[in-house]
Number of protein chains: 2
Amino acid sequence: MDETRGADGTAEAPETRPKGTRRRGAALVGAIHAAAVEETAARGLEGATMEGIARRAGTAKTSLYRRWEAPEDIVLEALHAAYPMEEPTPAADDLRGDLVRALRLMRDSFDTRPKYAQALMAVLVASWARPDLHERLYREVFDPRGERFTKRALLHYADKGVVDRERVTDVVADIGEAMVFKHMLDTMQPPDDAYLDMIVDQAILPAVGIDPRTLS
Amino acid sequence: MDETRGADGTAEAPETRPKGTRRRGAALVGAIHAAAVEETAARGLEGATMEGIARRAGTAKTSLYRRWEAPEDIVLEALHAAYPMEEPTPAADDLRGDLVRALRLMRDSFDTRPKYAQALMAVLVASWARPDLHERLYREVFDPRGERFTKRALLHYADKGVVDRERVTDVVADIGEAMVFKHMLDTMQPPDDAYLDMIVDQAILPAVGIDPRTLS
DNA sequence: GGTTTTAGCTACGGAATCGTATCCAACATG
DNA sequence: CATGTTGGATACGATTCCGTAGCTAAAACC
């Protein structure tokens with residue numbers, strides 16, 4: 001019962017640590033990043049406040065204003081810092097396996113950090129009404145990480161001649177991510193392995209002209 | 001320059017009407033619905049306030065509290081009232097055409113009312129952190145409208161034997177909507193006709209085992 | 001150790017929103 | 001036209017967040 005509760009009933013669990021001790025530098029910034037992500041996940045980007053982030057991080061407002069100007073500056077920095085890095089595709093000779101692994105990589109990055117996924121979606125949707133924010137999101141978070149998920153695998157096998165290069169269009173390269181997103185929006189849960197298999201077998205592979213039943 | 005501006009710089013254009021005149025009943029409720037959708041689109045569900053909605057609708061806070069308890073009650077009601085109704089599929093003998101038309105129906109419902117689409121997405125994402133809201137959204141907005149978009153068309157042609165019933169899975173039925181959503185998230189724009197054609201030709205038709213090049 | 005940097009704490013006036021109360025007037029009804 | 005209903009306007013104390021200031025003290029540096 002050592003929790004405080006925000007105005008909306010959302011549980012806030014302020015970081016606690018031995019009194020008379022202080023974090024600095026990276027440790028402090030990390031805690032604030034985490035707090036900003038939590039705050040955004042719980043109250044939305046527009047509902048996030050400096051006071052709320054400070055509470056969650058167990059620090060003082062002044063410490064936030066020393067480094068940032070507004071909640072969204074902290075959140076964007078946090079999302080960038082935590083964005084899943086690319087595992088260069090193992091490039092075994094296994095198209096189906098690589099596709100499944102690519103989707104799992106994406107899924108896991110949300111599954112293990114649901115607050116992170118929620119915050120990312122919140123910013124993505126908020127940016128819809130704010131072109132400046134949309135531009136920053138893609139420039140500061142998405143773009144720096146390069147090619148993503150299934151597209152890399154598809155292009156790899158196109159180069160090897162396993163699939164028709166003509167069929168690896170932008171639309172096809174987006175199918176996997178689009179389906180994972182939709183599933184999360186519908187169910188509030190990341191898809192399980194069985195569902196990822198279905199995406200690959202029923203949507204992606206047919207789109208590149210491969211009948212999964214012929215793959216053994 | 002007869003606009004006021006909200007705290008975040010968002011333009012607010014309060015409803016104006018001849019002074020000494022009043023709306024009541026449906027006319028008033030309709031204006032408030034529109035205002036609630038605008039407010040949510042501009043400031044997010046968590047950022048929306050009763051005061052803001054009242055300003056946009058050009059009415060008084062008291063008039064809102066007379067009927068509703070909180071912004072989200074108004075927004076959910078507004079989304080329900082404005083949700084696109086189902087055009088029963090024309091059921092011509094034209095699978096590809098029906099799929100394209102189904103996607104256009106979905107796209108147009110967003111394209112002609114961008115504020116509505118933004119609000120819908122804002123609520124959808126906010127509901128992710130709030131199971132109660134998610135439940136209400138599906139129960140009060142989505143569910144009452146029944147089967148959606150491409151699935152109806154696919155099932156129709158499965159019954160006619162044009163496509164393999166086995167291949168019309170939930171995953172496949174979701175491809176179209178998933179791709180339209182993703183496109184909107186990425187670009188902040190509803191897809192144009194050419195893009196919808198690509199979704200049908202490159203993703204949906206292959207998934208049900210039809211090569212679009214054989215269709216005409 | 002002594003010094004510099006950086007966190008933490010408290011407090012403040014201003015602004016926005018909350019939810020309610022009060023009063024008046026426009027509308028609808030008969 | 002008389003009456004009852006509904007919307008509009010204003011005001012209020014309470015709460016939350018804003019952004020800044022001033023001070024103390026822990027951590028890092030030399």
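Residue numbering restarts at 1 for every chain, and letters A, B, ... go by the order of the sequence lines. This is a predicted model, so every value here is computed, not measured.
- Looking at the side chain of B:Thr62, the nearest of the listed nucleotides D:dG8, D:dG19, C:dT17 is D:dG8.
- In this structure, B:Glu51 places its CD atom 14 Å from P of D:dA11, rounding to the nearest Å.
- Of the candidates C:dA7, D:dT6, C:dT20, the closest approach to any side-chain atom of B:Tyr65 belongs to C:dT20.
- The shortest heavy-atom contact between B:Ala207 and A:Gln202 is CB-O, 3.3 Å.
- As rounded to whole Å, 14 Å separates atom C1' of C:dC18 from atom CD of B:Glu69.
- If you take CD of A:Glu72 and C1' of D:dC17, they are 16 Å apart, rounded to a whole angstrom.
- Between B:Leu64 atom CG and D:dG8 atom P the separation is 9 Å, expressed in whole Å.
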> Do A:Val172 and A:Thr150 pass the side-chain contact (heavy atoms from CB on, under 4.5 Å) test, and can you show the C-alpha distance, the side-chain angles, and the key distance before you say yes or no?
Replying inline: CA-CA 9 Å; A:Val172 170; A:Thr150 57; over 6 Å; no
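- Atom-to-atom, CZ of B:Arg67 to P of C:dG19 comes out at 18 Å; the value is rounded to the nearest Å.
- In this structure, A:Arg23 places its CZ atom 17 Å from C1' of C:dT5, rounding to the nearest Å.
- The base of D:dA25 sits within donor-acceptor range of the side chain of A:Arg22, with an N or O pair under 3.5 Å.
- Between C:dC18, C:dG8, D:dC17, one nucleotide has an atom nearer to the side chain of A:Arg43 than all others, and that is D:dC17.
- Residues B:Arg24 and A:Lys61 both approach DNA chain D. Their nearest nucleotides, taken by heavy-atom distance, put B:Arg24 toward the 5′ side.
- Ranking C:dC18, D:dG8, D:dC17 by closeness to the B:Arg66 side chain, first place goes to D:dG8.
- In this structure, A:Tyr195 and B:Val171 approach most closely via the heavy-atom pair CE1-CG2, 3.7 Å.
- Checking C:dT17, C:dA7, D:dC17 against the side-chain heavy atoms of A:Thr49 singles out D:dC17 as nearest.
- A salt bridge is absent between A:Asp108 and A:Arg101; no separation between the charged side-chain nitrogens and carboxylate oxygens falls under 4.0 Å.
- Note: CH2 (A:Trp68) to P (D:dC18) measures 15 Å, nearest angstrom.
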>> Run the salt bridge (charged side-chain N to carboxylate O under 4.0 Å, His left out) test on B:Arg107 and B:Asp193 for me, step by step, so that the C-alpha distance in whole Å, both residues' side-chain angles and the decisive distance to 0.1 Å come before the verdict.
In response: CA-CA 9 Å; B:Arg107 186 271 316 273; B:Asp193 284 348; 2.7 Å; yes
